[in-house]
Amino acid sequence: MAKQNNCVSKIALLIANFAVSSCVITPLVVCLWYSTWNIIDKSILPQDPANGTVPHDVLVKITSITISATTICTWLLNLASVAFNTVTIKAGQTCHDHWVLVKRLYLILACMACTSQWWSIWSLLDMVFAHMEWVTVQNKKTTPSLLPTLLFTIACLFVVMVLKVLRNILWAPLMLLTDDDPHALVCETRFQTQKKLTLKHALDHLFSSAVVLNTVSCVWWGVWKLLDMMLFPDKPTIDTILASIIIGYITCVLVCIFQYVYEPISKSLHNRRHLAVKVLLEDVFVLVAFFGCINVWRGLWLMFDYFLSEVTILGVELRWVCFVAAMLVLLICQVFASGTIRGCQVDGEIESGEGVLLAINVFGNFCTRNSGNELTEKDGLRHDTTKITGSRHWSIEHTVDYEQSRRQTNEC
């Protein structure tokens with residue numbers, strides 16, 4: 001009876017985690033990105049007085065400069081996290097508690113830099129593909145051709161799969177990060193060099209910021225545009241917006257259920273040294289999960305654009321109100337770190353089948369944080385004997401209690 005009650009409580013916890021992630025955290029993160037994106041659009045891009053559009057040559061210069069600047073900012077912020085972790089590790093937990101405000105400020109800067117980097121890449125891609133003579137004529141209507149965008153997306157997916165960084169395309173509601181977790185500032189790199197301020201580690205961070213993150217952004221752009229062309233090619237309506245959201249959330253629910261089916265299979269393949277098959281299996285799982293994530297984001301984004309575009313409150317544009325409100329709520333709920341993509345996780349490196357587990361353990365993370373585990377100076381991670389998990393950045397390790405509870409959930 002006790003075991004059955006424990007299983008029921010674990011299932012209830014999983015449902016509660018996904019509900020909060022899907023209904024609260026994800027809409028706030030999308031709202032933050034939507035408002036920030038629109039602020040950049042209105043503030044940075046100059047308008048041509050003649051026709052109200054951005055001149056082509058000006059757009060090329062601005063996006064090129066912005067991509068370089070934001071990539072450098074992201075790289076420097078990732079290096080700053082190494083220095084920050086080094087200081088807090090040496091000074092102990094007391095220093096870490098005193099640096100809460102600094103940590104929040106760092107997360108805000110990291111989120112703004114990541115948003116600006118993605119905006120600049122998407123603006124450049126929009127400009128490049130819009131000025132190419134790739135159009136098709138159907139029913140006397142000229143529409144963009146599907147083939148160039150499809151080929152570009154496949155090429156970007158091929159790059160991230162060759163680099164073994166496909167898992168990094170996942171985001172909310174299936175990947176979350178809480179502010180108070182010590183790993184909120186642990187920024188993993190592609191080649192997993194030792195976390196010290198050395199030239200080798202700096203170059204590793206540069207590769208992760210300039211190549212991995214930008215390629216992930218290109219994958220998102222390509223799939224988003226393909227959905228615009230194939231799923232609902234006409235002007236978005238309430239029905240099409242809700243359809244995108246429903247498709248996304250249904251896919252995410254199925255992924256959350258089947259992650260526990262995939263886990264023992266992945267573990268068995270790892271124990272048998274079938275690493276290539278294991279990576280392929282996890283990549284298929286990630287692609288399905290990514291389809292759910294991007295549909296949720298696209299639906300919420302179009303919904304905000306449908307209801308909030310060009311709306312003012314007491315003379316203040318609503319995008320500024322949304323920006324401040326979303327930021328404050330995320331900071332108060334201590335999940336602002338979920339609004340940024342930082343670091344790089346390598347596919348197939350996670351053992352015990354946990355490479356398919358999703359980081360949506362919101363309540364479990366709040367219950368287990370500040371448990372007294374100390375950080376080691378070598379890795380900047382908690383000092384215990386458990387393995388690295390499939391959770392993206394913040395769940396780099398499991399406590400013994402959480403490992404036991406996960407096994408009980410699987411048995412249930």
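Starting from 1, each residue takes its place in the sequence as its number.
Contact detail for Ser209 and Trp75: the closest heavy-atom pair is OG-CA, 3.7 Å. Counting all heavy atoms, side chain and backbone alike, Ala110 lies closest to Thr340 at O-OG1, 3.5 Å. Between Val219 and Cys156, the shortest heavy-atom distance links the atoms CG2-CB, 3.6 Å. In terms of heavy-atom proximity, Thr251 sits nearest to Val288 at CG2-O, 3.4 Å. Nearest heavy-atom pair, Leu174 versus Leu358, reported as atom, atom and distance to 0.1 Å: O-CB, 3.5 Å. Of all heavy-atom pairs spanning Pro27 and Leu300, the tightest one is CA-CD1, 4.0 Å.
For the pair Leu14 and Tyr260, the minimum side-chain heavy-atom distance is below 4.5 Å. By the 4.5 Å heavy-atom criterion applied to side chains, Lys200 and Asp204 are not counted as neighbours. Side-chain contact check for Thr189 versus Cys344: every heavy-atom pair is 4.5 Å or farther apart. Within the 4.5 Å cutoff, no side-chain heavy atoms of Leu166 are placed close to those of Phe290. With contacts defined as side-chain heavy-atom distances shorter than 4.5 Å, the pair His201/Thr198 qualifies. Side-chain contact check for Leu331 versus Ile108: some heavy-atom pair is nearer than 4.5 Å. Annotation: side chain of Leu157 is in contact with side chain of Leu287 (closest heavy-atom distance under 4.5 Å). Cys252 places a side-chain heavy atom less than 4.5 Å from the side chain of Val296.
Relative ring orientation between Phe152 and Phe129 is described as perpendicular, the plane-to-plane angle rising above 60° on a 0-90° scale split at 30° and 60°.
Put simply, the side chain of Ser244 never gets that close to the backbone of Arg298: no donor and acceptor are under 3.5 Å apart. Under the 3.5 Å distance criterion, the side-chain polar atoms of Ser21 are left unmatched by any main-chain donor or acceptor of Asn17. A distance-only check finds no donor-acceptor pair linking the side chain of Tyr34 to the backbone of Met303 [under 3.5 Å]. Side-chain atoms of Ser338 come within 3.5 Å of backbone atoms of Leu177 as a donor-acceptor pair (strictly under, hydrogens ignored). Side chain of Asp179 to main chain of Phe336: a donor-acceptor pair is present (N/O by atom type, distance under 3.5 Å, no hydrogens or angles). Of the possible donor and acceptor atoms, one in the side chain of Trp122 sits under 3.5 Å from a partner among the backbone N and O of Ser217. With hydrogens and angles ignored, the 3.5 Å screen pairs a side-chain donor or acceptor of Thr240 with a backbone N or O of Thr237. Put simply, the side chain of Ser266 never gets that close to the backbone of Tyr262: no donor and acceptor are under 3.5 Å apart. Side-chain N or O atoms of Asn168 include one that pairs as donor or acceptor with a backbone N or O of Gln345 at under 3.5 Å. Ser22 places a side-chain N or O within donor-acceptor distance of the main-chain N or O of Phe18, the cut-off being under 3.5 Å.
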**OP:** List the steps, then state whether side-chain contact (heavy atoms from CB on, under 4.5 Å) holds for Leu124 with Met127.
**Re:** CA-CA 5 Å; Leu124 181 61; Met127 179 269 299; 3.2 Å; yes

**OP:** Could you please spell out the steps behind the side-chain contact (heavy atoms from CB on, under 4.5 Å) verdict for Ile247 and Phe291?
**Re:** CA-CA 9 Å; Ile247 291 173; Phe291 179 77; 3.8 Å; yes

Original post:
Does the ring pair (Phe, Tyr, Trp, His ring centres under 6.0 Å) test come out yes or no for Trp33 and Trp171, once each step is laid out?
Top reply: CA-CA 13 Å; Trp33 270 67; Trp171 207 352; 4.8 Å; yes

Original post:
Yes or no on side-chain contact (heavy atoms from CB on, under 4.5 Å) for Cys111 and Leu32, after CA distance, side-chain angles and deciding distance?
Top reply: CA-CA 10 Å; Cys111 181; Leu32 177 65; 3.8 Å; yes

Subject >> Phe307 and Ile238: CA distance, side-chain angles, deciding distance, side-chain contact (heavy atoms from CB on, under 4.5 Å) verdict >> reply: CA-CA 10 Å; Phe307 289 104; Ile238 294 297; 3.5 Å; yes

Subject >> Verdict with supporting geometry, Glu282 and Lys278, salt bridge (charged side-chain N to carboxylate O under 4.0 Å, His left out) >> reply: CA-CA 6 Å; Glu282 293 179 356; Lys278 173 177 178 286; 3.1 Å; yes

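Atoms OG1 and CE, on Thr36 and Met112 in that order, are 4.0 Å from each other to the nearest 0.5 Å. In this structure, OG1 in Thr26 is found 11.5 Å from CD1 in Ile245, a value given to the nearest 0.5 Å. The CG atom of Leu109 sits 13.5 Å away from atom CZ of Arg104, with the distance rounded to the nearest 0.5 Å. Considering SG of Cys333 and CG of Leu28, their distance stands at 7.0 Å, rounded to 0.5 Å. To the nearest 0.5 Å, atoms CD1 (Ile39) and CH2 (Trp320) are separated by 4.0 Å. Once rounded to the nearest 0.5 Å, the distance linking NE2 of His205 with CD of Glu188 reads 8.5 Å.
Pairs engaging residues 210-227 under the salt bridge (Lys or Arg N to Asp or Glu O under 4.0 Å) rule: Asp126-Lys225 [sequence neighbours left out].
A centroid separation of 6.0 Å or more is found between the aromatic rings of Trp224 and Trp297. Aromatic ring centres of Trp37 and Trp301 lie closer together than 6.0 Å.
Inspection of the Asn214 and Trp118 side chains reveals no N or O donor paired with an N or O acceptor under 3.5 Å. No side-chain donor-acceptor contact under 3.5 Å links Asn78 and Ser208. Gln117 and Thr74 share a side-chain donor-acceptor pair at under 3.5 Å.
The neighbour count for Phe258 CZ, taken as heavy atoms of other residues, nucleotides or ligands under 6.0 Å away, does not exceed 12.
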